Amino acid sequence: MRKKSVLVTDGIWRKSLAVVRALARSGVKVAVGERTWMTPTLLSRHVSERYIYPSPENDPARFLQWLTSVVKTHEYDVLMTTEEATGMLVARHAAELSEHIRIPLPSYEKIMFARDKFRLLTHAHKNGIPCPATSIVNSLGEGREKMEKLLFPIVFKPIISAGGHGIRYVFTKDEFDAHYKSMHERYKTFLMQDYIPGEDYYGVSVIFNSHNQMRSAFVHKKLRQLPTTGGVSTCAVSVKFPRLVEMAEALLTSIGWYGSANVEFKIDRRDNTPKLMEVNPRLWGSLQLTVASGINIPLMLYQLAMEGDVAPKFDYKTGVKMHWFMYGDWVHFFANIVAQRKIDIDVFRLFEKNTCHTTWLLSDPLPFFGLPLSLLDYLTSDEMKKNRFK
């Protein structure tokens, strides 16, 4: 009998390493590809085949040509894309690719809907899900007019972004013009949003089957983020928060979701109400925490793709803490000193009970020691510029 097999793209990201390890421990053969050899995941002992492919963003036609050739000539069961740009490209061409491999992705149209923060928040508000007051603006005059209806501070956001990139916080009217001009020059059209005060950020990570039924939900609380004002988790802990799960389920059911997604909320300090911030239509950076807490999301996605459905899994351990050591948590540590003048010694509590790491694993150490490779790519590659915090 042929062994179960998965082809994983976007190997440079920490979530891809989590996918590889989780699948391999479940007896699934895993192949990994990336546009550069500077990819720690390629060093994992669990990788059976390694590929360097054309850039999905800079050369999508050649990437699709490469991908089509590989899935035609190799008997991989399932294709898993962990990064948004690759997922969008694959979803857009899913009809052709699905003749040769199973793809547990929502439709291209659903992905694009979720990425558009204005469409998403407008839809959520209509469906009774609390959100920050949000306007879309195109000109300076229009922005000033809408500014008068909001209390400061306010937030400028790109319509499409992830991980806290491009966000500007405007604390007074005197700062408005400078920030507005900067955003307009970079994005032309963007969002102006009510600032939600508070420090409590949560992520709800889910899987939906093809009948738009939720089959798994996992909640983590962000303890540290990069950037420090809100972004990707550098340290997080598994928690229970049924209200957030209900809100995420209602939202994604109303959209008609399939596959995986991560729904982000912030607790509004003024009324203690969770407010929807965004939906990430992809696997999430803290995936290793989900797996370590007892929900093997990569295996569930494999089963979903192969069998059309998967057994529900909602039970998991709480109090499991994840560290993104070294890069994420150390950058947060120094950024926190600069921004807040605070020293967070929890960054160095790496081996407490119930702790997991996004990259370090004693039985598979080489990806951790290969981290400088991805850092070098991050600092030198034109393609990674959009991921650098400004």
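Along the sequence shown, residues are numbered consecutively beginning with 1. What you see is a predicted model, and the numbers here were worked out from it, not measured in a lab.
By the 30° and 60° cut-offs, the orientation of the rings of F368 relative to W360 is perpendicular. Using the six-membered ring where Trp is involved, F156 and H179 have ring planes that are perpendicular, over 60° apart on the 30 and 60° scheme.
Hydrophobic clustering places V47 together with W37 (ILVMFWY residues linked when any side-chain heavy atoms are closer than 4.5 Å, directly or through intermediates). Hydrophobic clustering, with ILVMFWY side chains joined whenever heavy atoms are under 4.5 angstrom apart, groups L289 together with F265. Cluster membership check: I52 shares its hydrophobic cluster with L366, using side-chain heavy-atom separations under 4.5 Å among Ile, Leu, Val, Met, Phe, Trp and Tyr. Note: the hydrophobic cluster containing I297 also contains Y202 (ILVMFWY, side chain heavy atoms under 4.5 Å, direct or indirect links). A continuous path of hydrophobic side-chain contacts links L244 to W257 [ILVMFWY only; heavy atoms under 4.5 Å].
Between the Y316 side chain and the V239 main chain, a donor and an acceptor come within less than 3.5 Å of each other. A donor-acceptor distance shorter than 3.5 angstrom exists from the side chain of S44 to the backbone of H46, with no hydrogens or angles considered. Although no hydrogens or angles enter the test, the distance criterion places a donor-acceptor pair under 3.5 Å between the side chain of T73 and the main chain of S69. Remark: the backbone N or O of Y258 is not paired with any side-chain donor or acceptor of K110 at under 3.5 angstrom. Between the side chain of R243 and the main chain of T273, no donor-acceptor pair closer than 3.5 Å is present. Within the 3.5 Å criterion, the main-chain N or O of L371 finds a donor-acceptor partner in the side chain of S374. Side-chain N or O atoms of K15 include one that pairs as donor or acceptor with a backbone N or O of T82 at under 3.5 Å. Without hydrogens or angle criteria, N209 side chain to H211 main chain gives a donor-acceptor distance under 3.5 Å. With hydrogens and angles ignored, the 3.5 Å screen pairs a side-chain donor or acceptor of S238 with a backbone N or O of K317. Side chain of E34 to main chain of I12: a donor-acceptor pair is present (N/O by atom type, distance under 3.5 Å, no hydrogens or angles).
A distance of 8.5 Å separates CG of N272 from CG of D200, quoted to the nearest 0.5 Å. Here I103 contributes atom CD1 and M80 contributes atom CE; the two are 12.0 Å apart, rounded to the nearest 0.5 Å. To the nearest 0.5 Å, the span separating CE on M306 from CZ on R102 amounts to 4.0 Å. Here CD of Q193 is found 9.0 Å from OH of Y169. Values are rounded to the nearest 0.5 Å. With rounding to the nearest 0.5 angstrom, the CG atom of N280 is 10.5 Å from the OG atom of S260. Atom CG of D10 is separated from atom OG1 of T39 by 10.0 Å, given to the nearest 0.5 angstrom.
Contact check for V245 versus M214: side-chain heavy atoms found under the 4.5 Å cut-off. For the pair R282 and W13, the minimum side-chain heavy-atom distance is 4.5 Å or more. Counting only heavy atoms from C-beta outward, the side chains of L276 and C131 approach each other to under 4.5 Å. Counting heavy atoms from C-beta outward, V155 and P153 have side chains that stay 4.5 Å or more apart. Looking at L252 and I255, their side chains come closer than 4.5 Å, going by heavy atoms from C-beta outward. Counting heavy atoms from C-beta on, the side chains of L43 and L373 come closer than 4.5 Å. Side chains of V206 and S216 form no contact here, defined as non-hydrogen atoms less than 4.5 Å apart. Looking at heavy atoms from C-beta onward, Y76 lies in side-chain contact with S5 at the 4.5 angstrom threshold.
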Inset, instruction - Apply side-chain contact (heavy atoms from CB on, under 4.5 Å) to L299 and Q303, showing your working. - result: CA-CA 6 Å; L299 182 61; Q303 294 168 337; 3.9 Å; yes

What verdict does the side-chain contact (heavy atoms from CB on, under 4.5 Å) test give for T9 and L79, after you've listed the backbone C-alpha separation in whole Å, the side-chain angles of each residue and the deciding distance to 0.1 Å? CA-CA 8 Å; T9 63; L79 172 63; 3.9 Å; yes

Check your understanding: Passes side-chain contact (heavy atoms from CB on, under 4.5 Å), L7 versus L67? Steps please.
Key -> CA-CA 10 Å; L7 173 61; L67 182 59; 3.9 Å; yes

Item to complete: Begin from the C-alpha positions of Q288 and H357 and carry the test side-chain contact (heavy atoms from CB on, under 4.5 Å) through to its verdict.
Response: CA-CA 7 Å; Q288 183 58 48; H357 299 270; over 6 Å; no

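The cationic group of R92 lies under 6.0 Å from the six-membered ring centre of Y108 and within 45° of the ring axis, placing it in a cation-pi geometry. Because its NZ or CZ atom is not both nearer than 6.0 Å to the ring centre of Y180 and within 45° of the ring axis, K173 does not count as a cation-pi partner of that residue.
Remark: E57 does not engage R35 in a salt bridge, criterion side-chain N to carboxylate O under 4.0 Å. Residues K4 and D77 are not paired through a salt bridge, judged by the lack of any N-O separation under 4.0 Å between the basic side chain and the carboxylate. Salt bridge E99/K72: absent, no basic N to carboxylate O contact under 4.0 Å. By the 4.0 Å N-to-carboxylate-O rule, R25 lies too far from D364 to be salt-bridged with it.
G166 approaches R186 most closely through the heavy-atom pair CA-NH1, 4.2 Å. P158 and K117 make their closest contact through O-CD, 3.8 Å (heavy atoms, listed as atom of the first residue, atom of the second, distance). The minimum heavy-atom distance linking R215 with M300 is given by the pair O-CE, 3.9 Å. Annotation for P274 and F241: closest pair CG-CZ, 4.4 Å, computed over non-hydrogen atoms. When all heavy atoms of F152 and F171 are compared, the pair lying nearest together is CB-O, 3.4 Å. Among all heavy-atom pairs drawn from P298 and V291, the shortest one is CD-CG2, 4.0 Å.
No hydrogens or angles considered: a donor-acceptor pair under 3.5 Å links the side chains of S254 and H123. T253 and N212 share no donor-acceptor pair across their side chains, judged by distance under 3.5 Å alone.
In the displayed structure, H125 atom NE2 is contacted under 6.0 Å by at most 12 heavy atoms of other residues, nucleotides or ligands. The environment of K313 atom NZ is dense: over 12 non-hydrogen atoms of other residues, nucleotides or ligands sit within 6.0 angstrom. Heavy atoms of other residues, nucleotides or ligands lying less than 6.0 angstrom from NZ of K181 number 12 at most. Surrounding CD of E96 are more than 12 heavy atoms belonging to other residues, nucleotides or ligands, all under 6.0 Å away.
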